[in-house]
Amino acid sequence: MKVAVIGTGYVGLTTAVSLAMGGHQVIGIDLVDSKIAQLRQGRSPIYEPGLEEALVSMLGQGMLDFTTKIADAQEADVLFVCVGTPEAADGTANLSYLEAAVSDVQSLQRVAPRSRVVVIKSTVPVGTGDRIASELRESSDLHIASNPEFLREGSALQDALQPSRIVIGTADETAASVLEKLYEGVSAPRIATTRANAELIKYASNAFLATRISFMNELARLSEALGTDITTVARGMGLDSRIGPEFLRAGVGYGGSCFPKDTIALLQLAQQHGVSLSILDKAREVNATQPIWFLQQLHKRLPDLAGKQIAVLGLAFKPDTDDIREAPSLKILEALQKAGAKVAAYDPIASPAVRAIFPQVQYADSPAQACQGAHAALLVTEWKECVELDWKSIKASMESPLLFDGRNAWPSTQLREAGFFYTGVGKS
Ligand SMILES: NC(=O)c1ccc[n+]([C@@H]2O[C@H](COP(=O)([O-])OP(=O)(O)OC[C@H]3O[C@@H](n4cnc5c(N)ncnc54)[C@H](O)[C@@H]3O)[C@@H](O)[C@H]2O)c1
């Protein structure tokens with residue numbers, strides 16, 4: 001099939017590459033000239049394992065191309081809308097990029113009218129797909145479906161190729177059958193439903209995962225007070241098949257481009273309908289305070305941080321991505337700077353993006369370099385290279401051997417035996 005993907009960010013680029021790998025002829029469209037120029041040369045503007053190699057291969061096979069002009073998508077049977085829906089000032093989803101993409105689709109229809117399926121992959125408030133369908137119906141032969149995306153940054157391509165489920169939200173038979181055909185070769189459970197249900201499935205999934213994380217983070221505070229070990233508690237909970245082991249890790253809180261904005265957008269949507277989602281509201285509150293709670297553990301050991309050198313290991317919101325949107329590291333760096341600490345940070349990929357926000361921080365070339373002369377080291381993102389360290393030489397190079405493990409990923413017993421003062425999250 002001939003497919004156009006509007007918006008070539010994390011979701012759009014991954015969608016474009018994975019559909020090309022599935023044998024479809026794909027054109028990716030973005031507003032940003034430099035991004036398109038880079039993509040055409042086979043360079044990925046984002047870091048995702050395996051994505052650049054697949055991009056190069058699909059370009060080479062002639063299955064994929066990129067453009068800044070919607071008019072170049074004239075031959076497309078299917079148009080995927082993958083533009084951003086960031087948080088607006090009032091917490092609702094900012095739909096201005098989506099509106100612009102829809103008006104691009106309308107102008108394409110004017111230039112080259114024909115039957116097309118428009119697939120909304122961006123995460124949008126319930127009712128958006130129906131509204132767009134009624135707006136576009138007047139203009140022509142367009143068939144609208146909601147097909148929310150569930151990929152995880154850090155394993156985006158793999159998730160797109162082997163999705164946990166494919167949700168096709170539409171009552172339009174043409175849209176449903178075209179999408180079924182498009183995803184024919186992908187083995188995953190299907191949910192065929194209404195556009196509104198599909199939209200709510202996406203928000204509800206993210207809200208639930210965010211709530212699980214906050215539940216464990218709040219429980220970790222109790223675990224700290226009780227002297228119990230939250231990692232063992234989580235393991236014991238996760239073996240219950242009704243609970244499952246995923247998303248039970250206590251840490252410094254969730255971040256990224258989805259959970260923070262999607263939880264507030266869902267709260268706003270509920271409020272507009274006179275419904276209170278109090279559990280989700282509390283989950284956000286716990287998340288907002290979790291990095292600060294973590295830093296209180298550091299303050300207990302080093303009450304005056306002024307002039308102290310602190311190593312911060314990991315800056316991206318999670319490992320294997322360069323995305324720093326709403327990363328807990330940003331709150332941690334801000335608080336450390338406010339307290340007068342000298343910060344040396346390390347991240348294998350995300351340092352340049354963080355440097356633009358915190359130019360005063362020193363950016364090290366390795367975790368070991370960041371730890372040199374440090375009064376304490378903090379693990380904020382559990383990149384492999386920040387977890388597997390030569391502890392003997394780290395200990396020898398630190399000013400004082402204080403470790404604060406914000407991801408419960410360092411080997412606590414081994415480190416305590418080696419003479420470090422080790423504090424995890426909820427494992428005193
Ligand atoms: N990032 C994720 O992990 C993830 C996962 C699932 C769903 N989502 C959802 O998918 C959507 C996209 O997220 P993202 O992280 O890929 O965003 P992003 O910010 O990485 O990418 C959006 C891209 O759209 C482009 N764009 C904006 N308006 C355009 C227009 N009119 N025409 C062409 N290009 C345009 C931007 O230049 C940018 O490159 C959001 O709604 C998000 O909530 C994201």
Side-chain angles (χ1 to χ4, degrees), residues 4-18 27-39 44-49 51 66-73 76 79-88 92-108 118-126 128-129 132 146-160 163-167 198-199 201-207 209-210 254-266 316-327 353:
V5 176
I6 306 176
T8 59
Y10 287 85
V11 167
L13 180 56
T14 309
T15 301
V17 170
S18 62
I27 184 152
I29 305 161
D30 207 286
L31 296 173
V32 183
D33 292 331
S34 57
K35 204 177 259 195
I36 292 301
Q38 216 178 320
L39 285 165
S44 172
I46 53 166
Y47 175 77
E48 269 298 330
L51 190 61
F66 294 94
T67 180
T68 51
K69 296 188 211 78
I70 189 81
D72 292 341
L79 300 155
F80 275 88
V81 178
C82 301
V83 299
T85 48
E87 186 180 328
T92 58
N94 171 355
L95 297 181
S96 61
Y97 301 99
L98 184 87
E99 309 291 356
V102 168
S103 98
D104 286 347
V105 172
Q106 281 172 309
S107 60
L108 179 68
V118 179
V119 186
I120 301 171
K121 228 178 208 321
S122 300
T123 303
V124 294
V126 178
T128 306
I132 288 172
S146 163
N147 173 221
E149 181 54 61
F150 300 97
L151 64 76
R152 299 161 296 176
E153 284 180 26
S155 53
L157 184 59
Q158 193 194 324
D159 289 350
S164 52
R165 69 279 209 197
I166 294 174
V167 176
E199 289 162 344
I201 286 170
K202 176 62 197 174
Y203 274 110
S205 301
N206 275 359
L209 292 172
Y254 61 75
S257 68
C258 292
F259 290 2
K261 77 168 176 71
D262 291 348
T263 49
I264 185 75
L266 185 58
F317 88 93
K318 67 173 183 178
D320 294 323
T321 180
D322 57 349
D323 201 343
I324 59 157
R325 290 179 280 188
E326 304 279 337

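All ligand and atom numbering here is 1-based and tracks the order in the structure. All of these numbers come straight from a predicted model, not from anything done at the bench. Values reported hereafter were calculated over all heavy atoms of this structure, with side chains retained and with hydrogens, waters and symmetry mates removed.
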- Query: Does R152 come within less than 4.0 Å of ligand 1, judged by its heavy atoms?
  - Reply: no
- Message: Using the side chain to side chain contact (heavy atoms under 4.5 Å, CB included) definition, which of the options I29, V81, I70 pairs with D104?
- Response: I70
- In short, I6 meets A101 closest at the heavy-atom pair CG2-CB, 4.0 Å
- Query: Do V167 and K202 come close enough that some side-chain heavy atom pair is under 4.5 Å?
  - Reply: no
- Item | Protein heavy-atom partner closest to atom 6 (C) of ligand 1 - residue, atom, separation in Å | E149 O, 3.3 Å
- Query: If you measure only the distance, is there a donor-acceptor pair under 3.5 Å linking the side chains of R165 and S205?
  - Reply: yes
- Message: Checking a contact table here: which protein heavy atom is nearest atom 35 (C) of ligand 1, and how many Å away?
- Response: V83 CG1, 3.6 Å
- Note on the structure: of all protein heavy atoms, closest to atom 15 (O) of ligand 1 is R325 NH2, 3.2 Å
- Task: Would you name the heavy atoms of D320 and P49 that are closest together and state the gap between them?
- Result: O-CD, 3.6 Å
- Message: Need the ligand 1 atom indices (1-based, order shown) with element for anything under 4.0 Å from a heavy-atom of I29.
- Response: 33 (C), 34 (N)
- Query: Which residue holds the protein heavy atom closest to atom 2 (C) of ligand 1, what is that atom called, and what is the gap in Å?
  - Reply: E153 OE2, 3.4 Å
- Item | Atoms of ligand 1, numbered as shown, that sit under 4.0 Å from any heavy atom of K261 | 42 (C), 43 (O)
- Note on the structure: Numbered in order shown, the ligand 1 atoms found under 4.0 Å of a heavy atom of V32 are 37 (O)
- Any chance you could measure C258, atom SG, to E326, atom CD, to the nearest 0.5 Å? 11.0 Å
- Interatomic distance, CG@N206 vs CG@L266, rounded to 0.5 Å, equals 9.5 Å
- Would you kindly specify which portion of E48 sits under 4.0 Å from ligand 1, judged on non-hydrogen atoms: side chain, backbone, both or neither? neither
- Message: Other residues, nucleotides and ligands only: do more than 12 of their heavy atoms fall within 6.0 Å of OH on Y97?
- Response: no
- Query: Given G28, C258, G7, C82, which one has a non-hydrogen atom that is nearest to atom 12 (C) of ligand 1?
  - Reply: C82
- Note on the structure: Taking only non-hydrogen atoms of A101 and a 4.0 Å limit, the atoms of ligand 1 in range are 31 (N)
- When you look for heavy atoms under 4.0 Å from ligand 1, do you find them on the side chain of S257, its backbone, both, or neither? side chain
- Query: Do Y10 and D322 meet the criterion of a side-chain donor-acceptor pair at a distance under 3.5 Å?
  - Reply: yes
- Note on the structure: atom 8 (N) of ligand 1 sits nearest the protein heavy atom V11 CG2, 3.5 Å
- So OG1 of T321 and CD1 of I46: to nearest 0.5 Å the spacing works out to 7.5 Å
- When you look for heavy atoms under 4.0 Å from ligand 1, do you find them on the side chain of P148, its backbone, both, or neither? neither
- First locate atom OG of S146, then atom CD of E199, and finally report the distance between them rounded to the nearest 0.5 Å. 4.5 Å
- For T85, atoms of ligand 1 separated by under 4.0 Å from a heavy atom: 40 (C), 41 (O), 43 (O)
- Query: What distance do I132 atom CD1 and E99 atom CD have between them, rounded to the nearest 0.5 Å?
  - Reply: 6.0 Å
- Going by the 4.0 angstrom heavy-atom rule, the piece of D104 near ligand 1 is side chain
- Options N206, I6, D30, I46, ranked by nearest heavy atom to atom 37 (O) of ligand 1, top entry: D30
- Query: Which residue owns the protein heavy atom closest to atom 30 (C) of ligand 1, what's the atom, and how far is it?
  - Reply: L31 CG, 3.6 Å
- Message: Checking a contact table here: which protein heavy atom is nearest atom 21 (O) of ligand 1, and how many Å away?
- Response: G9 CA, 3.2 Å
- Message: Checking a contact table here: which protein heavy atom is nearest atom 22 (C) of ligand 1, and how many Å away?
- Response: G84 N, 3.6 Å
- Within 4.0 Å of some non-hydrogen atom of K35, the atoms of ligand 1 are 38 (C), 39 (O)
- Message: Once rounded to the nearest 0.5 Å, what's the spacing between atom OG1 of T8 and atom CD of Q38?
- Response: 10.0 Å
